[in-house]
Amino acid sequence: MSLRAVKGMRDILPDEISKWHRLESAFRQRVEAYGFREARFPIVEPTALFVRSIGETTDIVEKEMYTFTDRGEKSLTLRPEGTASSVRAFVQHSVQAREPVTKWYYIGPMYRRERPAKGRYRQFYQAGIEVFGDPGPFVDAEVIDMVVGLISSLGIAEVEVLVNSIGGPQTREKYRDALLAYLTPHRAELCADCQRRMDANPLRVLDCKVPRCAEIAADAPSILTHLTDEDRAHFDGLQETLTLLGTPYRVDGSLVRGLDYYTRTLFEVLGTGGGLGAQNALLGGGRYDQMVESLGGPDTPAIGFAMGLERLLMAMPEGEVAPHVDVVIIAAQPGLRAEATLLGRELRETGLRVESDLRGGSLKSQLRRADKINTRVAMILGETEVEEGVVQLKDLQNKTQDKVPRAEAAKRIHALLADTKR
RNA sequence: GUGGGUGUAGCUCAGUGGUAGAGCACUGGAUUGUGGCUCCGGGAGUCGCGGGUUCAAUUCCCGUCACUCACCCCA
């Protein structure tokens, strides 16, 4: 087959979709309970939006974006994440003028041109939230507590919650100096990337996985000891609130995200169960207090997170497969297939999910099919039944069968289904 | 971008230097209009693609592409 889905992108077929629905509705239900409302943004944005928000020196911007020129005019990019678009929309529509605090959520595909691996796709799905207008730290704790609740409601037990603070601009400046003072003597020992990072964004050296760089980074001064009094108070407030809520977490001073826009609170949830492979970051987020202003909006604090749906799916337990229809209508004689389509329409009008088996074939094979798709009820229509104005209702689960007047069939089926649910 | 693994039926895989098999799935039947179990039958594969060695390659060699895992990065 020569035409196939492009590398790193995949089809989600019906057999898989119920798990997706389960995840998405759990997410919606959870965040709506906290007052978040859904927003939808374009998948294509001006390239400059991501360069300015995510940061020029990040891996995402440097080598992972799907960027193209639109008919020789503008440079456009397939969104690699959702926060930049959220902020752009927030600013564009002057949303701050309408409400003091804005809480949005989104679900959709993101695009990054990385080498595919287990749990990592080039088109992948993220669900995320953003809160604009609340400086925290209480809302920070609430958001973290919310995701912990969500994860657990999905049946994912083996997780670890990491939090850190990288402070605001003042802290960052102070720390940057201290870090550079520490790194400079080691400059020659660092990898080429890190030497470049030292000039562009020294914080990212801490994130390097090259063994020698990691050794050097391990002895670097911690940002947590360089927090300004205000940043310190903010981080303390977050931890106190988490403790009050009973939310489990661990402070990890080396937690640094790959996006430059973060300030102060940073958090990440790692899946610790097997089966996730090396891509065990289930969700990540943090505060980005400068971004709204830097994209031309008013000075507005903000916090958000995004979770990777494919990874959550891998960590979730399998559910049972629910039948996709309630009734299968079977025509005992091929001549009754037209009648079966009419009967199907009648039943659907009462709210039932109905499939008429219109292929013909033997009664046996049609019943076999009904059984295969795990349907509860088979309705059999034959010449005898038509003469008598009745249908046969077969309960495939309890192996019972009743002859009922056609007019009463829908009512009987509804009763049967309601009985099962109890 | 770097390394490893794997490409044979729709799926999961076996197999052999002489042009292929199983299980599952699909489908038909086991006396006339009744499912799951069992039994019998059926369709389906240019053995990823290209080249080389050979009388002969799905099998050996090389290349290539695809998929996959790890590094990396992150969600």
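FYI, side chains are in, hydrogens and waters are out, and symmetry mates aren't considered; it's all heavy atoms of this structure. Below, chains carry the letters A, B, ... as their sequence lines are ordered, and counting in each starts from 1.
- A/K372 places its NZ atom 10 Å from the C1' atom of B/C24, with the value rounded to the nearest Å.
- Remark: B/U27 base-pairs with B/G41; criterion is Watson-Crick or G-U wobble with both hydrogen-bond distances under 3.5 Å.
- Heavy atoms from other residues, nucleotides or ligands lying under 6.0 Å from CZ of A/R113 number 12 at most.
- Backbone-only contact: A/K7 has heavy atoms under 4.0 Å from sugar-phosphate atoms and none from a base.
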### Message
One pair to check against side chain to side chain contact (heavy atoms under 4.5 Å, CB included): A/F27 and A/E32. What are the steps and the verdict?
### Response
CA-CA 8 Å; A/F27 172 75; A/E32 285 176 5; over 6 Å; no
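- A donor-acceptor contact under 3.5 Å is formed by the side chain of A/R120 with the base of B/C72.
- Comparing B/U6 with B/U59, their P atoms are spaced 15 Å from each other, to the whole Å.
- Per the geometry, CG belonging to A/L363 stands 12 Å off P belonging to B/G28, to the nearest Å.
- With rounding to the nearest 0.5 Å, the separation of CG in A/L78 from CZ in A/F50 is 8.5 Å.
- Here the P atom of nucleotide B/C72 and the CG atom of A/N280 are 12 Å apart, to the nearest Å.
- Contact annotation for A/R115: base contact, defined as any heavy-atom pair under 4.0 Å involving a base atom.
- Rounded to the nearest Å, the gap between the P atom of B/C24 and that of B/U19 is 27 Å.
- Relative ring orientation between A/F41 and A/W104 is described as tilted, the plane-to-plane angle lying within the 30° to 60° band.
- No contact: A/A370 has no heavy atom under 4.0 Å from any strand.
- Going from atom CD1 of A/I373 over to atom C1' of B/A25 covers 16 Å, rounded to whole Å.
- Looking at heavy-atom distances under 4.0 Å, A/K364 makes contact with a base.
- Contacts of A/K63 with the nucleic acid, taken as non-hydrogen atoms under 4.0 Å apart, are absent.
- The residue A/E81 sits apart from the nucleic acid: no heavy atom pair falls under 4.0 Å.
- Side-chain proximity of A/K118 to the nucleotides B/G28, B/G33, B/A70 is greatest for B/A70.
- With B/U34, B/G36, B/G3 as the choices, the nucleotide that has an atom nearest any side-chain atom of A/D371 turns out to be B/G36.
- Here the C1' atom of nucleotide B/A75 and the CD atom of A/E114 are 9 Å apart, to the nearest Å.
- For the 3.5 Å distance criterion, the side chains of A/T67 and A/T77 qualify, holding a donor opposite an acceptor.
- As judged by a 4.0 angstrom heavy-atom cut-off over every strand, A/G128 is placed among residues making no nucleic acid contact.
- In this model, a side-chain donor or acceptor of A/E385 finds a partner on the base of B/G33 within 3.5 Å.
- Within 4.0 Å of A/L396, counting heavy atoms only, lies at least one base atom of the nucleic acid.
- Each of B/G35, B/C73, B/C74 was ranked by its minimum atom distance to the side chain of A/E64; first place goes to B/C73.
- Across the protein-nucleic acid pair, A/Y262 atom OH and B/C74 atom C1' stand 11 Å apart, rounded to whole Å.
- Look at B/G1: its Watson-Crick or wobble partner, with both distances under 3.5 angstrom, is B/C71.
- Here A/Q366 lies out of heavy-atom contact (under 4.0 Å) with every strand.
- Evaluation of atom-type donor-acceptor distances gives no pair under 3.5 Å for the side chain of A/R10 against the base of B/C67.
- With both ends at atom C1', the span from B/A9 to B/U58 equals 14 Å, rounded to whole Å.
- Taking atom CG on A/L255 and atom P on B/A75, their separation rounds to 10 Å, with Å as the unit.
- Without hydrogens or angle criteria, A/R112 side chain to A/M65 main chain gives no donor-acceptor distance under 3.5 Å.
- Pairing partner, B/G7: B/C65, with both Watson-Crick or wobble hydrogen-bond distances short of 3.5 Å.
- Remark: the separation of the C1' atoms in B/G7 and B/G45 is 14 Å, to the nearest Å.
- The side chain of A/K394 sits closest to B/G35 out of B/G35, B/G33, B/A75.
- Among the protein residues, A/I380 comes within range of the nucleic acid bases, having at least one heavy atom under 4.0 Å from a base atom.
- Here A/E114 pairs with A/R120 in a salt bridge; the nearest charged N to carboxylate O distance falls below 4.0 Å.
- You won't find any donor-acceptor pair under 3.5 Å spanning the side chain of A/Q392 and the base of B/U34, going by distance alone.
- Summarising the geometry, the separation between CZ on A/R368 and P on B/G35 is reported as 8 Å, rounded to the nearest angstrom.
- If you check B/G29, B/G33, B/A25 against the side chain of A/S365, the one that comes closest is B/G29.
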